[in-house]
Amino acid sequence: MNRRPDSADDTAAFSALDRRHIAFALLAILGLKLAVLLIDPNPRFFLWDSVTYLRGAIDGTLPRDRSFLYSLLIGAIAVPLHSLHALVIAQTLAGVASAFFAYLIVRVFLGLRFEIALIAALLVAIEPGQLFYERMVMAEAFGSAIWLGFLVLVLAYVRDGRTLWLPAVAVAGILAVAFRLNGTAVVLLVAPCLPLWRAWFTNSGPRTAAERSAQRRRTALQLAVSVAMTLVLHVGYRHIVAEIAHTRPGYIGTEGLFLLGFTAPAVAAADFDGTGCDPSVLHHVRASLDDPRTREGQLWGETGLWAAMQRDCPNPEAAADVVASRASRRIYAKVLPMALTTTAQYFDDAEATWRMDSDLGRKGMLPLELIEPVKQYFSFDVKPIAFTDTATLLWFQHARWWFTACFLLAPFTAAWLALRLRRDACGPEARLLALVVFGLFFSQFLLSPIIAFRYLHPFPPLMLVCAAAIVASYFAEPGSRVRASDELHQAAQDRLARSRAPA
């Protein structure tokens, strides 16, 4: 590995990038996004999710089971202007940020040539999920930008080891969780332990005893900072959710209810002891608890577990917390079989088609709770939207196998990336990126109770980034790979040399 000892890089690396390249990349991404926006400018709706977000923005009833921050953003962007098109424009700009973050990852942290980084960024910009959710009244567009921003900050720390990155990583991590829960496990895996990951992945520490001792103290101090920041922000956020939802602390107000759906195959009659529920509540559940494919129906179906608990429990949400907690102790042996059963549904044409229609917002009649407020506050008729085919909808609709491949090939691509670049100057960044992809895959594979193409939204940008690095590595001549750190001016390098004292 030809990485310089102690990672001789600095935050100045960003400013040392060719400004013309940055400007050109941003203009190219923005121009591409603007062209698609002119072709397809209308917002789209995911039925009750969109209803909940809009209600929170309009009347202040913030969502208990979804991102309240997204409702606040709608309230700040769309409500004052009485225009959902303003929200689409803002989400398009979030898409520009996502593509630009992909550019930074490829160009700065994986050290690829400008042309390759630009191509990867443009592919992210026109990726079907990115374009579709820039129009959906859903949190994915902003969530994607923050998630990729979190990854940029993580890689920046891995590259130069500066303590100042750690608070930014912690803040970006909790914001990513606040918008979309998909990456929660990865954030909790990476953010608090980042100094340890860096120490392991760089493997190029000081050689003298005194230097090793100083490096250990530095790592311990940084570990304390990262753990403390992550703990404070996550505990604080969970208590904010509790205040909003009037529930126990959690990442969403109905955390116990969703855990109940996940653990439904392990629920037993004894789990209801002391909850006040009718002892015969399980006899009123007509959907099979043993079948992992019915877990969504256990929550939202009229024949499911939650419907029975609403009838037979005096305080069903409190009972759900207790029952889910007890059932979770027995669920571990069932997790892998449930995951395999669920993942197999991506290859079931009937199920996958139904899920795709659901993600497109076609799973039922639009509710009046959506039609009336949107017409009143935004002067927009949503009734024809759900069944109106547009360019971005068709692009998303025909991307079933693209999303499925990005998900199922993720661990193999991550392993390929880590092995292929293991001796490269960017090897530590590649290993960290591979760790993130592995974590994202296994959390989605093991913890998702249903197949949903919207849940796969984080995978395509990461796969495009990884694929760019892997493919480019086969065509790069020895010593030809470019690192942004090598483009530092001598003055910036001198400032770095003076800043190497332990933080």
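Residue numbers count from 1 along this sequence. As the structure is a prediction and not an experimental result, all values here were calculated from the model.
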Enquirer: Hey, does the Lys NZ or Arg CZ of Arg162 hover above the aromatic six-ring of Tyr157, less than 6.0 Å from the centre and inside 45° of the axis?
Expert: no
Enquirer: Do the side chains of Leu417 and Arg431 get nearer than 4.5 Å, heavy atoms only?
Expert: no
Enquirer: Go through the steps for Phe396 and Phe453 under the test ring pair (Phe, Tyr, Trp, His ring centres under 6.0 Å), then give the verdict.
Expert: CA-CA 10 Å; Phe396 185 90; Phe453 296 101; 7.3 Å; no
Enquirer: Counting N and O atoms only, with roles assigned by atom type, does the side chain of Thr184 sit under 3.5 Å from a partner on the main chain of Leu181, one being a donor and the other an acceptor?
Expert: yes
Enquirer: Anything under 30° is parallel, anything over 60° is perpendicular, the rest tilted; go ahead and classify Phe24 against Phe114.
Expert: perpendicular
Enquirer: Considering only heavy atoms from C-beta outward, does the side chain of Leu73 approach that of Phe179 to under 4.5 Å?
Expert: yes
Enquirer: Apply salt bridge (charged side-chain N to carboxylate O under 4.0 Å, His left out) to Arg55 and Asp49, showing your working.
Expert: CA-CA 10 Å; Arg55 182 182 296 160; Asp49 291 60; over 6 Å; no
Enquirer: How long is the span from the CD atom in Gln376 to the CD1 atom in Ile371, to the nearest 0.5 Å?
Expert: 13.5 Å
Enquirer: Working note: Ser226 + Val169, criterion side chain to side chain contact (heavy atoms under 4.5 Å, CB included); need CA distance, chi angles, decisive distance, verdict.
Expert: CA-CA 8 Å; Ser226 60; Val169 167; over 6 Å; no
Enquirer: Can a donor-acceptor pair be found, under 3.5 Å and without considering hydrogens, that links the side chain of Thr392 to the backbone of Phe132?
Expert: no
Enquirer: Just how far is it from atom CG of Leu153 to atom CG of Leu194, taken to the nearest 0.5 Å?
Expert: 10.0 Å
Enquirer: Under 4.0 Å between a side-chain nitrogen and a carboxylate oxygen: does that hold for Arg355 and Glu296?
Expert: yes
Enquirer: Judged by atom type as modelled, is there a donor-acceptor pair below 3.5 Å linking the side chain of Thr219 to the main-chain atoms of Pro195?
Expert: no
Enquirer: Give every residue pair that meets the side-chain hydrogen bond (donor to acceptor under 3.5 Å, both in side chains) criterion with at least one member in residues 453-467, sequence neighbours excluded.
Expert: Asp359-Arg454
Enquirer: Using every non-hydrogen atom in the two residues, find where Trp147 and Pro458 come nearest and quote the distance to one decimal.
Expert: NE1-CB, 4.3 Å
Enquirer: Under a 4.5 Å cut-off applied to non-hydrogen side-chain atoms, are Ile77 and Ile89 in contact?
Expert: no
Enquirer: Determine yes or no for a side-chain-to-main-chain donor-acceptor pair under 3.5 angstrom, with Ser144 supplying the side chain and Ala141 the backbone.
Expert: no
Enquirer: Say whether, by atom type as modelled, one donor and one acceptor occur between the side chain of Trp197 and the main chain of Leu189 under 3.5 angstrom.
Expert: yes
Enquirer: Do Ile22 and Phe100 touch side chain to side chain, with heavy atoms closer than 4.5 Å?
Expert: yes
Enquirer: Within the 4.5 Å heavy-atom criterion, are Ile105 and Leu155 side-chain neighbours or not?
Expert: yes
Enquirer: Check whether any side-chain N or O of Gln130 sits under 3.5 Å from a backbone N or O of Ile126 as a donor-acceptor pair, and report yes or no.
Expert: no
Enquirer: Show the nearest heavy-atom pair for residues Ala418 and Ala434, with the distance to one decimal.
Expert: CB-CB, 3.9 Å
Enquirer: Within the structure provided, determine whether Leu421 and Ser473 are in side-chain contact (heavy-atom separation under 4.5 Å).
Expert: yes
Enquirer: Does the Arg135 side chain pair with the main chain of Pro43, one donor and one acceptor, at a distance under 3.5 Å?
Expert: no
Enquirer: Please report the shortest heavy-atom distance between His21 and Tyr103, naming the atom on each side.
Expert: CB-OH, 3.8 Å
Enquirer: If the plane angle is over 60° it's perpendicular, under 30° parallel, otherwise tilted; pick one for Phe347 and Trp401.
Expert: tilted
Enquirer: Taking the six-membered ring where the residue is Trp, are the ring centres of Phe445 and Phe407 under 6.0 Å apart?
Expert: no
Enquirer: Keeping Tyr133 on the side-chain end and Ala139 on the backbone end, is there a donor-acceptor pair under 3.5 Å?
Expert: no
Enquirer: For the pair Phe380 and Phe45, name the ring-plane relationship: parallel under 30°, tilted 30 to 60°, perpendicular over 60°.
Expert: tilted
Enquirer: Taking the side chain as every heavy atom from C-beta outward, state whether Leu166 and Gln222 have any pair of such atoms under 4.5 Å apart.
Expert: yes
Enquirer: Compare all side-chain heavy atoms of Phe378 with those of Ser83 and state whether any distance is below 4.5 angstrom.
Expert: no
Enquirer: Check whether more than 12 heavy atoms from other residues, nucleotides or ligands sit under 6.0 Å from atom CH2 of Trp354, and answer yes or no.
Expert: yes
Enquirer: To the nearest 0.5 Å, what is the distance between CG on Asn182 and CZ on Phe459?
Expert: 8.0 Å
Enquirer: What pair of heavy atoms forms the shortest contact from Gly361 to Leu47, and how long is it?
Expert: O-CD2, 4.0 Å
Enquirer: Before you tell me yes or no, could you show the steps for Ile74 and Leu87 under side chain to side chain contact (heavy atoms under 4.5 Å, CB included), namely the whole-Å CA-CA distance, both residues' side-chain angles and the distance that decides it to 0.1 Å?
Expert: CA-CA 7 Å; Ile74 296 174; Leu87 179 65; 4.1 Å; yes
Enquirer: Give a yes or no on whether the backbone of Tyr377 and the side-chain of His82 come within a donor-acceptor separation of less than 3.5 Å.
Expert: yes
Enquirer: Take Thr343 and Leu408 through the side chain to side chain contact (heavy atoms under 4.5 Å, CB included) test and state the conclusion after the steps.
Expert: CA-CA 9 Å; Thr343 303; Leu408 295 180; 3.6 Å; yes
Enquirer: Of all the heavy-atom pairs spanning Val106 and Ala120, show the shortest one and how long it is.
Expert: CG2-CB, 4.1 Å
Enquirer: Does Leu93 offer a backbone N or O that forms a donor-acceptor pair with the side chain of Lys33 under 3.5 Å?
Expert: no
Enquirer: Which heavy atom of Ile451 sits nearest to which heavy atom of Ala352, and what is that distance?
Expert: CD1-CA, 4.1 Å
Enquirer: Are Arg44 and Met138 close enough, and set up right, to give a side chain to side chain contact (heavy atoms under 4.5 Å, CB included), and what steps lead you there?
Expert: CA-CA 9 Å; Arg44 303 195 71 91; Met138 294 278 283; over 6 Å; no
Enquirer: Do other residues, nucleotides or ligands put more than 12 heavy atoms under 6.0 Å from the CH2 atom of Trp48?
Expert: yes
